[in-house]
Protein chains: 2
Amino acid sequence: MAIALPKTKRGESSRAVILQAALDLFQERGYEATTMRAIADRAGVSLGSSYHYFPSKEHLVLEFYRHTHELHAEAVRPLLSRERDLAARLRGTMRAVIITCEPFHAVAGSIFSTVANPSSPLNPFGGTARPLRDEVVALYAEVVSGSDARIASDIAEMLPLTLWLYQMGILYFWIFDRSPGRLRTLEVIDETTDLIVRLISLANLPVLRGSRKRVLSLMKAIVE
Amino acid sequence: MAIALPKTKRGESSRAVILQAALDLFQERGYEATTMRAIADRAGVSLGSSYHYFPSKEHLVLEFYRHTHELHAEAVRPLLSRERDLAARLRGTMRAVIITCEPFHAVAGSIFSTVANPSSPLNPFGGTARPLRDEVVALYAEVVSGSDARIASDIAEMLPLTLWLYQMGILYFWIFDRSPGRLRTLEVIDETTDLIVRLISLANLPVLRGSRKRVLSLMKAIVE
DNA sequence: GCTTCAACTTGAACATGTTCAAATCAAATC
DNA sequence: GATTTGATTTGAACATGTTCAAGTTGAAGC
């Protein structure tokens, strides 16, 4: 249960080697099939040592999640600095998500469920994983703000969080996708990103003004 | 792993007593805090006996889930045979969900995550839990079909499944709701059910015709 | 060089989900 | 009533996440 940041060179190296072993094994065998003993073995430390640096197996998953996010953020950087069209930015970002995660597809199910568990410290809605979630939301804020789309401020305010939620939905679909090359997920991404951009522009219609206000204030209330 | 339906009176009674013990303990202590040994103890059977009737602890949760659904279906029956207004039917049905589940609120998190786990046999998107999901979807089909709302057939086709998904979302929100009397969830239900009904009528607008077709055909494609 | 002390490491021990071979039971058959 | 046979029951054994008290290490202060 102790949250011990390494205080010595030796400690830092131990933590790093344990983490690397865990990332490798999660990717090779998945979450459940990776035992804490196997992680300790591959890292060349004792079982107890792992618990000195990571309070639980779930906390190691959080690091896995963070690692994936960093890969993703790096992958979309060129696109986000070049492209200005919102639909293209969003589509590219979503495609990059599933391309980045593709090596972990077989094991993603168990990892996703760990993260979605409301009673887990890893749940992004509140707890240890909150800072990481905020980073991902910030990425989507950049997707929006760096585009040349003119978006009403009330919508722009809620959009990043909504897109993060949307990404979660896409990932959940992708986990179940057994199609070759994950083509179905790619199609769904193309279609939904287009729809989202279209919906944003439709939201300016006078008939929709009322519902739009209600939806947005509801969302704001939900976020607290 | 064996799926053994009881073949004798004795077997039937054993299965029933184990199930009852499990339901009680889940409600009293939650999923994780309930051990298989505790279930066997309270049921007055040995540990191994439980595994003769239920392949795993998760399968006992499925029964818990089914039990809750039956309580809910019973609770909304009067409303559904009396009320004809769609918004009122939907609102009442959703309110009944969280009222029915209220006794399990403290333990709902761990149960929900078990069900949402894509690699679990309990996942409603495909596996053992599929029949139960179909029952819940059928309930929402009745909510729609028993109303006096005139709904275009392409929408009506996808609506029950969508409402089931919506119910899942509300439950997820409810799990995190710490407000007294779960008032916030009730407010969200009132607001969202209204919005849904409004959206259904808006979908007939000529401007929305295109998006509507695209959304519906996308949903149909996702369901397979 | 010696002492001290916090950081680090270790492996045994525990709790719990699951498996399984053996024992027990009870109904059908003779 | 004895035998057979399949259903049921049992508890020991195993795997694995987690805890913890005890041991080891190494640098700072003397």
Side-chain angles (χ1 to χ4, degrees), chain A residues 1-19 21-22 25-26 29-64 107 110-111 113-114 117 119-122 128, chain B residues 1-19 21-22 25-26 29-64 107 110-111 113-114 117 119-122 128:
Chain A
M1 201 49 107
I3 330 155
L5 274 190
K7 305 258 164 92
T8 67
K9 278 272 188 303
R10 190 167 161 231
E12 266 171 49
S13 130
S14 285
R15 185 182 193 278
V17 87
I18 291 166
L19 179 56
L25 284 169
F26 284 155
R29 311 182 187 170
Y31 178 70
E32 273 119 21
T34 298
T35 71
M36 290 300 283
R37 283 163 183 80
I39 293 172
D41 270 5
R42 179 167 301 195
V45 301
S46 76
L47 178 59
S49 235
S50 309
Y51 282 93
H52 187 69
Y53 296 103
F54 302 94
S56 77
K57 194 181 173 186
E58 288 188 332
H59 282 76
L60 280 163
V61 177
L62 180 59
E63 297 301 319
F64 185 89
V107 310
S110 52
I111 289 173
S113 89
T114 307
N117 188 338
S119 45
S120 158
L122 301 193
T128 325
Chain B
M1 200 48 108
I3 332 155
L5 274 190
K7 305 259 164 89
T8 67
K9 278 272 189 306
R10 191 167 160 232
E12 266 170 49
S13 129
S14 286
R15 184 182 192 280
V17 87
I18 291 166
L19 178 56
L25 284 170
F26 284 155
R29 312 182 187 172
Y31 178 70
E32 272 120 21
T34 298
T35 71
M36 290 300 284
R37 282 165 182 80
I39 293 173
D41 270 5
R42 179 168 299 196
V45 301
S46 76
L47 177 59
S49 234
S50 308
Y51 283 92
H52 188 69
Y53 297 104
F54 303 94
S56 77
K57 194 181 173 186
E58 288 189 330
H59 282 76
L60 280 164
V61 177
L62 181 59
E63 296 301 319
F64 186 88
V107 309
S110 52
I111 289 172
S113 90
T114 307
N117 188 337
S119 45
S120 158
L122 301 193
T128 325

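Below, read A as the first sequence line, B as the second, and so on, with proteins coming before strands; counting in each chain starts at 1.
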**Message:** Once you apply a heavy-atom cut-off of 4.0 Å, does A/Thr34 come out as touching a base, just sugar-phosphate, or nothing?
**Reply:** sugar-phosphate
**Request:** Take the protein atom CG of A/Leu60 and the nucleotide atom C1' of D/dG17, then report the distance between them rounded to whole Å.
**Result:** 12 Å
**Message:** Looking at the base of D/dG17, is there any donor atom on it, or on the side chain of A/Arg37, that sits under 3.5 Å from an acceptor on the other one?
**Reply:** yes
**Prompt:** Of A/Ala33 and A/Gly48, whose closest DNA chain D nucleotide lies nearer the 5' terminus?
**Reply:** A/Ala33
**Request:** Please tell me which of A/Glu32 and B/Lys7 maps to the more 5' nucleotide of DNA chain D, matching each residue to the nucleotide holding its nearest heavy atom.
**Result:** B/Lys7
**Asked** Would you say a side-chain N or O of B/His52 is under 4.0 Å from OP1 or OP2 of D/dT9?
**Response** no
**Message:** OP1 or OP2 of C/dT9 versus the side-chain N and O atoms of A/Tyr53: is any pair under 4.0 Å?
**Reply:** yes
**Base partner of C/dC30, which must satisfy Watson-Crick or wobble distances under 3.5 Å** = D/dG1
**Request:** Could you state the atom-to-atom distance from CG of A/Asp41 to C1' of C/dT10 in whole Å?
**Result:** 13 Å
**Asked** Do we get B/Lys57 above B/Tyr51's six-membered ring, with its NZ or CZ under 6.0 Å from the centre and within 45° of the axis?
**Response** no
**Asked** In whole Å, what is the span from the CD atom of B/Glu58 to the C1' atom of C/dT16?
**Response** 14 Å
**Message:** Quick check on DNA chain C: between B/Lys57 and A/Ser14, whose nearest nucleotide comes earlier from the 5' end?
**Reply:** A/Ser14
**Message:** How many whole angstroms separate atom CG of B/Leu5 from atom P of D/dG6?
**Reply:** 19 Å
**Request:** For B/Thr35, report the nucleic acid contact type (base, sugar-phosphate, nothing); a contact means any heavy atom under 4.0 Å.
**Result:** sugar-phosphate
**Request:** For B/Ser13, answer base if it contacts any base atom (sugar-phosphate contacts may also be present), sugar-phosphate if it contacts only those atoms, and nothing otherwise; contact means non-hydrogen atoms under 4.0 Å.
**Result:** nothing
**Request:** Let me know the distance between CZ of B/Arg29 and P of C/dT16, rounded to the nearest Å.
**Result:** 10 Å
**Message:** Just the rounded figure in Å: distance from C1' of C/dA27 to CZ of B/Arg10.
**Reply:** 12 Å
**Parallel, tilted or perpendicular: ring planes of A/Phe26 versus A/Tyr31, cut at 30 and 60 degrees** = tilted
**Asked** Between B/Glu12 (CD) and C/dA27 (P), how many Å, whole number?
**Response** 13 Å
**Request:** Could you pick out which residue, A/Leu47 or B/Met36, lies toward the 5' side of DNA chain C when each is mapped onto its nearest nucleotide?
**Result:** A/Leu47
**Request:** Check whether any side-chain N or O of A/Ser56 sits under 4.0 Å from OP1 or OP2 of D/dG17, and answer yes or no.
**Result:** no
**Message:** With a 4.0 Å cutoff (strictly under), does any side-chain N or O of A/Thr8 reach OP1 or OP2 of C/dC8?
**Reply:** yes
**Fill in**
Heavy-atom closest pair (A/Ala38 atom, A/Arg29 atom, distance to 0.1 Å) is CB-NH1, 3.9 Å
**Item:** Exercise: identify the closest heavy-atom pair between B/Glu58 and B/Leu122
**Value:** O-CD1, 2.8 Å
**Donor-acceptor contact present, side-chain B/Ser49 to main-chain B/Val45, <3.5 Å** = no
**Request:** Provide, to the nearest angstrom, the distance between the OH atom belonging to A/Tyr51 and the P atom belonging to D/dG17.
**Result:** 6 Å
**Asked** Do any N or O atoms from the side chain of A/Thr34 and from the backbone of A/Gly30 form a donor-acceptor pair under 3.5 angstrom?
**Response** yes
